[in-house]
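Only heavy atoms go into these numbers, but all of them, side chains included; no hydrogens, no water, no symmetry mates. Computed from a predicted model, the values in this text were never measured in an experiment.
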Amino acid sequence: MKKLAILGSTGNVGTQVLDVVDQYPDKFKIIALTGNGNMELLKAQIVKYQPMFVGVADAEKAEELKGQVSVPIFFGAEANAQIAALEEYDTLVNCVVSLAGIEATLVAIEKKKNVALANKETLVSAGEIVMRRAKENGVTIMPIDSEHSALFQCLNGEDIKTVQQLVITCSGGALRDKTKAEIETATVAEALGHKTWAMGQKITIDSATLMNKGFEVIEAMWLYDMPIEKIKVVIHPESIIHSMVEYTDASIIAQLSEPDMRLPIQYALSYPERWEAPIKRFDFKKNLSFAEPDLERFPCLGLAFWAAKELGTLPAVMNATNDFMVGKFLSGECRLMDIYATIKAVMEAHENIKHPDLADIKKAIAWAQGEAAVIFNS
Ligand code: MG
């Protein structure tokens with residue numbers, strides 16, 4: 001039986017993790033849950049799964065919850081890291097959508113726990129440190145994202161030295177077929193109109209700008225120890241092939257299925273086993289198509305390739321600025337293209353620190369958020 005600590009259990013990925021748990025009640029025990037936005041849902045999850053511990057980052061919300069449930073509650077900015085430090089669980093499922101995810105991942109690695117990772121910030125902003133510590137502690141990071149799960153499966157049992165390139169597929173996002181002018185003035189509703197995957201708002205905007213694909217490129221570099229030159233992004237609107245690996249002999253191995261996050265989530269938890277998944281099976285009645293990404297219309301992907309080439313603190317700066325600007329876009333305070341323009345300006349102004357430690361990364365993130373606010377308000 002796997003003993004899970006699920007960080008971000010009320011979010012889009014977190015609820016799908018619990019869907020998988022519901023399919024296999026005999027295989028899992030929920031040791032801890034953390035949430036921050038939806039307290040009603042967190043309360044319902046506490047009643048249903050009876051965790052031993054709960055974490056809530058917002059102290060006020062935690063106080064409110066305390067009166068309603070009897071489980072011990074960790075609260076404040078360190079709540080996720082405190083949960084990660086517990087002895088009682090064996091697998092951390094990190095679905096937090098913020099920088100708080102980095103520290104929790106590092107704590108779990110130090111404790112030699114299994115880590116199933118959906119949190120993007122961990123590898124985008126602190127990939128070098130996280131992978132080094134994972135190696136030192138003998139921890140394998142199991143990716144939850146569909147692309148990285150696909151790459152993991154396509155690389156399984158192969159010699160990494162024979163990889164020609166990793167090919168990461170991309171649905172193209174909600175604005176895939178729009179002109180440059182239409183993209184520049186896209187409304188929140190248009191940018192959120194993503195068809196193939198059901199996801200949270202922040203990541204849906206990142207999919208519309210292709211910034212999300214840029215994050216995934218950087219994550220893949222760290223997870224599979226690949227230089228940026230060996231990673232290619234291909235637009236694949238049907239989202240059936242979740243990514244591919246091309247080998248030196250020109251063979252390409254792909255992983256396919258209907259797009260449903262519960263499959264990569266389940267695989268991250270069942271590996272090395274494969275279990276029956278409750279998702280629709282691919283029926284081979286769809287044609288699969290491919291195209292090159294258009295960096296003119298989706299320049300955020302170009303910024304990510306730049307950050308991937310430089311590394312150091314630059315990816316963390318890109319990520320933090322994007323976070324800030326997507327918040328502004330979602331609240332109607334800027335145009336979609338302002339996201340790109342501000343990230344570019346902040347990245348250009350950044351004095352990159354190569355091989356940063358965690359303090360350097362935190363400092364760069366705080367600097368980027370301040371710089372983004374200055375540029376945004378000017
Ligand atoms: Mg993805």
Side-chain angles (χ1 to χ4, degrees), residues 5-9 11 13-14 32 34-36 55-58 74 76-86 89 91-137 139-145 148 200 202-203 206 211-212 214-223 268 304 307-308 311-324 326-327 350 352-369 372:
I6 305 174
L7 309 185
S9 65
V13 178
T34 79
N36 203 37
V56 178
D58 186 314
F74 293 91
E78 301 296 310
N80 283 304
Q82 284 170 324
I83 293 284
L86 293 169
Y89 77 98
T91 303
L92 186 83
V93 187
N94 189 344
C95 312
V96 167
V97 195
S98 77
L99 298 161
I102 298 177
E103 242 158 349
T105 305
L106 287 172
V107 169
I109 288 170
E110 299 297 334
K111 291 260 172 193
K112 298 189 167 43
K113 306 283 189 174
N114 303 314
V115 177
L117 192 63
N119 171 270
K120 302 228 161 193
E121 283 81 359
T122 296
L123 290 177
V124 172
S125 300
E128 188 175 356
I129 300 168
V130 169
M131 294 312 289
R132 186 175 62 232
R133 296 213 190 146
K135 205 172 168 189
E136 286 165 2
N137 286 286
V139 171
T140 304
I141 300 210
M142 286 302 296
I144 280 182
D145 213 352
H148 304 101
K202 157 75 167 60
I203 190 175
D206 289 343
M211 184 47 100
N212 180 58
F215 291 156
E216 291 177 354
V217 165
I218 297 172
E219 291 178 271
M221 288 173 71
W222 290 120
L223 276 171
L311 294 176
T313 44
L314 200 58
V317 163
M318 176 182 76
N319 187 10
T321 312
N322 180 64
D323 229 21
F324 177 89
V326 171
H350 182 59
N352 196 17
I353 298 171
K354 300 272 180 166
H355 309 296
D357 59 25
L358 198 57
D360 294 326
I361 291 166
K362 283 183 178 173
K363 220 173 117 188
I365 288 168
W367 173 85
Q369 287 162 340

Is the shortest heavy-atom distance from the side chain of E219 to the side chain of V124 under 4.5 Å?
yes
- Short question: side chain of T313, backbone of I353 - any donor-acceptor pair under 3.5 Å? yes
Are any non-hydrogen side-chain atoms of I141 and I109 less than 4.5 angstrom apart? yes
| query | Salt bridge between K362 and E103, side-chain N to carboxylate O under 4.0 Å? | reply | yes
Does a side-chain heavy-atom distance below 4.5 Å link L86 with I83? yes
Interatomic distance, CD@E121 vs OG1@T105, rounded to 0.5 Å, equals 10.0 Å
**Message:** Less than 3.5 Å apart, any donor N or O on the side chain of E216 or H148 sitting next to an acceptor on the other?
**Reply:** no
### Message
Less than 4.5 Å apart, side chain to side chain, heavy atoms only: is that true for V93 and I144?
### Response
yes
(Q) Within the structure provided, determine whether T122 and W222 are in side-chain contact (heavy-atom separation under 4.5 Å). (A) no
Here the pair of heavy atoms bringing V115 nearest to A108 is CG2-CB, 4.0 Å
Please check if the side chain of N119 supplies one atom and the backbone of N94 the other of a donor-acceptor pair under 3.5 Å.
no
Is it the case that atom NZ in K354 sees more than 12 heavy atoms from other parts of the structure closer than 6.0 Å? yes
- Query: Between N114 (side chain) and T140 (backbone), is there a donor-acceptor pair under 3.5 Å?
  - Reply: no
Smallest heavy-atom separation, A116 atom then A268 atom, equals CB-CB, 4.3 Å
Open item on the list: Go through it in stages, so that I can follow the logic: the residues are D206 and F215, the test is side-chain contact (heavy atoms from CB on, under 4.5 Å), and I'd like the CA-CA distance, side-chain angles, deciding distance and then a yes or no.
Closed with: CA-CA 9 Å; D206 289 343; F215 291 156; 3.8 Å; yes
inquiry  = Walk me through whether K202 and D323 qualify under side-chain contact (heavy atoms from CB on, under 4.5 Å).
reply    = CA-CA 8 Å; K202 157 75 167 60; D323 229 21; 2.8 Å; yes
| field | Student check: side-chain heavy atoms of I218 and L123 closer than 4.5 Å | value | no
Just do the side-chain contact (heavy atoms from CB on, under 4.5 Å) check on I129 and I102 with the steps written out, would you? CA-CA 10 Å; I129 300 168; I102 298 177; over 6 Å; no
Output for pair (E128 CD, R132 CZ), nearest 0.5 Å, gives 6.0 Å
- Item | Heavy-atom side-chain proximity of N36 to V56 below 4.5 angstrom | yes
| query | For N319 and K120, does a side-chain donor sit closer than 3.5 Å to a side-chain acceptor? | reply | no
(request) Please step through side-chain contact (heavy atoms from CB on, under 4.5 Å) for the pair H350 and M318, ending with a clear verdict. (result) CA-CA 10 Å; H350 182 59; M318 176 182 76; over 6 Å; no
Between A320 and I365 the two heavy atoms that sit nearest each other are CB-CG2, 3.9 Å
Closest non-hydrogen atoms of K113 and Y89, given as atom of the first, atom of the second and distance, are NZ-O, 2.6 Å
Scanning both residues in full, the closest heavy-atom pair of L314 with A307 reads CD2-CA, 4.0 Å
Check your understanding: Side-chain donor-acceptor pair under 3.5 Å between N80 and T34, yes or no?
Key -> yes
Taken in chain and number order and not counting sequence neighbours, the residues that satisfy side-chain hydrogen bond (donor to acceptor under 3.5 Å, both in side chains) with K112 are N137
Open item on the list: Between K111 and A84 (side chain of the first, backbone of the second, donor and acceptor by atom type, cut-off under 3.5 Å), is there such a pair?
Closed with: no
Between C95 and A118 the two heavy atoms that sit nearest each other are CA-CB, 4.1 Å
Interatomic distance, CG@D360 vs CH2@W367, rounded to 0.5 Å, equals 14.0 Å
CG of L223 to CE of M142, rounded to nearest 0.5 Å, is 10.0 Å
Those residues at least two apart in sequence (or on a different chain) that pass side-chain hydrogen bond (donor to acceptor under 3.5 Å, both in side chains) with Q369 are none
